[in-house]
Protein chains: 2
Amino acid sequence: MARTRFDHWPCSVARAVDLLGDAWMVLILRDAFYGVRRFEDFQSNLGIGRNVLTQRLSSLVEAGMLQRVPYQDRPVRHEYRLTDKGRGLFDIVLALVRYGDDWLAPDGPPVVLRDRETGARVDPIVVDRHTGQPIDPRAITVEPGPGFPEEHLARAKADGRFA
Amino acid sequence: MARTRFDHWPCSVARAVDLLGDAWMVLILRDAFYGVRRFEDFQSNLGIGRNVLTQRLSSLVEAGMLQRVPYQDRPVRHEYRLTDKGRGLFDIVLALVRYGDDWLAPDGPPVVLRDRETGARVDPIVVDRHTGQPIDPRAITVEPGPGFPEEHLARAKADGRFA
DNA sequence: GTAGTCCGTTGCTTGAAAGAACGCACCAGG
DNA sequence: CCTGGTGCGTTCTTTCAAGCAACGGACTAC
C-alpha cells in the first residue's frame with residue numbers, strides 16, 4: 001500500500017523520518033557524504049534497482065536535499081550534489097554510525113572517519129549543547145513547544161501525552 | 001517485494017538502518033522514549049495498523065531493543081520496555097529531532113525537551129568527542145577500519161571507495 | 001559499424017502495508 | 001446472567017511499490 005505520510009505530524013522525529021522515508025534514502029545520502037555524485041556510481045555502489053534509484057533521487061531533489069547540476073553537454077548529464085539542507089542530515093548519519101559502531105560491529109568499526117587536514121580520528125557523539133554531556137532518555141520530559149498546533153493541544157493532553 | 005537486507009554490509013550506517021527498517025520502527029521507539037509501554041497506547045498514539053504494530057514490536061524484541069515484560073496475570077499482559085541496546089538509539093532520535101527542528105519546523109519546534117531535574121531546555125547536537133565541535137562532511141575522509149572484511153578490501157579499493 | 005559509457009524507462013512478479021473486522025480472556029454493573 | 005468495556009492481538013482483502021531484468025537513446029572511441 002501507499003506509505004503513510006508523517007510530514008504533518010506535530011513532531012520533528014516524524015517529519016524527519018518522513019523525509020528519509022526508507023533505508024535507500026539514508027544510504028544514498030551516506031554515499032553523497034562520501035563524495036558520490038553520479039547515477040551510475042550510486043547504482044553500482046548500492047546495488048539499488050535503477051528505477052528505485054531514479055525515484056529516490058527525484059524525491060531528494062524535490063525535497064531540496066540534493067541539487068541536480070549539469071556537468072557536461074552532448075549529451076547533457078547531471079550530477080547530484082548536496083545542498084545545505086542535505087548536509088544537515090549528516091548529523092543523523094553520524095548518529096547512525098555511532099550506534100552501528102557501538103552495537104552492531106563485533107569486529108570493530110567497518111570504516112573510520114578522519115579529519116582531512118589533521119588526520120585525527122573523528123568520533124561523533126550526541127550531547128546537550130549547554131552541558132556538553134550525553135542525554136539519558138530517563139532524565140528528560142517532553143512538553144509542547146511553540147510549533148505545536150493549538151487545535152491539537154487539548155486532545156493531546158487528554159490523551160495523557162505531556163503528562 | 002521482500003525488503004533488501006543491509007545487516008551484513010561492511011557499514012555501520014547500513015546495519016543501523018537495517019535495524020530500524022522503516023519509519024514505524026523509529027516512531028515506536030520515539031514513543032518508548034517518551035514513556036509508552038503498552039500495545040494499546042502505541043496503537044492509539046501512532047494510528048498504526050494493529051497487525052503492523054504486532055510485527056514491529058516482535059522485531060524490536062527479537063533485535064533486543066525492547067523487552068517483553070508481564071505486568072499482570074489473568075490474563076497475562078505484557079508491556080514493552082527499552083533495553084540498553086534500545087536506549088542507545090535515543091541519540092539517533094535526538095539527531096532526528098534536531099534536524100526536524102532546524103529544517104522542518106517553520107513555526108518553531110512542536111515539542112521541546114527538558115531536564116526532569118533542573119527544568120533546563122535540552123538541546124541535542126552532534127559533535128566530535130575530542131574537539132567538541134560539529135562535524136562538516138567536507139572536512140572528513142573515510143577509510144577501512146578493523147571491522148572491514150579482508151576479502152572485500154581489494155574490491156572496494158578497485159571501485160574507488162577509500163580513494 | 002561495433003563496442004562502450006551514462007542515465008534513465010518499461011514491464012512483470014510478488015510481498016508487504018493499510019484498514020477493518022473478528023476473537024479471546026477477563027472485569028464491572030445492573 | 002447478560003451486556004458492555006478493556007487489552008491484545010489475528011485474520012482477511014485490497015492496493016501499491018520494491019526487486020529484477022531488459023530495453024532505449026545519446027553520445028564517444030576505435
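What you are looking at is a predicted structure, and each value in this text was computed from that prediction instead of being measured. Labels below follow one simple rule: chain letters A, B, ... track the order of the sequence lines, proteins then strands, and each chain is numbered from 1.
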Legend entry - From D:dC12, D:dC20, D:dG25, nucleotide with atom closest to A:Asn51 side chain: D:dC20
Inset, instruction - Shoot me the first and last contacting nucleotide of DNA chain C against chain B, ordered 5' to 3', at under 4.0 angstrom to non-hydrogen atoms. - result: C:dT14 to C:dC26
Legend entry - Whole-Å distance separating the CD1 atom of A:Ile48 from the P atom of D:dC20: 11 Å
Inset, instruction - Using a 4.0 Å heavy-atom cut-off across all strands, classify A:Arg50 as base, sugar-phosphate, or nothing. - result: base
Inset, instruction - With DNA chain D as reference, determine whether A:Arg3 or B:Asp41 sits nearer its 5' end, using the nearest nucleotide of each. - result: B:Asp41
Inset, instruction - Could you pick out which residue, A:Pro75 or B:Gln55, lies toward the 5' side of DNA chain C when each is mapped onto its nearest nucleotide? - result: A:Pro75
Inset, instruction - Select base, sugar-phosphate, or nothing to describe what B:Arg74 touches, counting heavy atoms under 4.0 Å on all strands. - result: sugar-phosphate
Inset, instruction - For B:Phe39 and D:dG7, give me the distance from atom CZ to atom C1', rounded to whole Å. - result: 9 Å
Legend entry - Aromatic ring proximity B:Phe162/B:Phe148, centre distance under 6.0 Å: yes
Inset, instruction - Count the heavy atoms of every other residue, nucleotide or ligand shown that sit under 6.0 Å from CD of B:Glu117, and state whether that count exceeds 12. - result: no
Inset, instruction - Grab the NE2-C1' distance between A:His78 and D:dA26 for me, whole Å please. - result: 14 Å
Legend entry - Rounded interatomic separation in angstrom, taking CG from A:Leu46 and P from D:dG19: 12 Å
Inset, instruction - Using a cut-off of 6.0 Å, state whether more than 12 heavy atoms not belonging to A:Glu151 lie near its atom CD. - result: yes
Inset, instruction - Not counting sequence neighbours, list each pair that qualifies as a salt bridge (charged side-chain N to carboxylate O under 4.0 Å, His left out) and has a residue in residues 30-40 of chain B. - result: B:Arg37-B:Glu79, B:Arg38-B:Glu79, B:Glu40-B:Arg50
Inset, instruction - Considering only NZ, NE, NH1 and NH2 on the basic side and carboxylate oxygens on the acidic side, decide whether B:Arg56 and B:Asp22 come within less than 4.0 Å. - result: yes
Inset, instruction - In whole angstrom, give the distance that lies between atom CD of A:Glu40 and atom P of D:dG25. - result: 18 Å
Inset, instruction - Establish, yes or no, whether a centroid distance under 6.0 Å links the rings of A:Phe42 and A:Trp24. - result: no
Legend entry - Interatomic distance, A:Arg5 CZ vs D:dC16 P [rounded to whole Å]: 15 Å
Legend entry - Whole-Å gap separating P (D:dC27) and OH (A:Tyr71): 14 Å
Legend entry - Length of the line joining A:Gln43:CD and D:dA21:P, which is rounded to integer Å: 11 Å
Legend entry - Short N-O contact, B:Asp123 and B:Arg98, less than 4.0 angstrom: yes
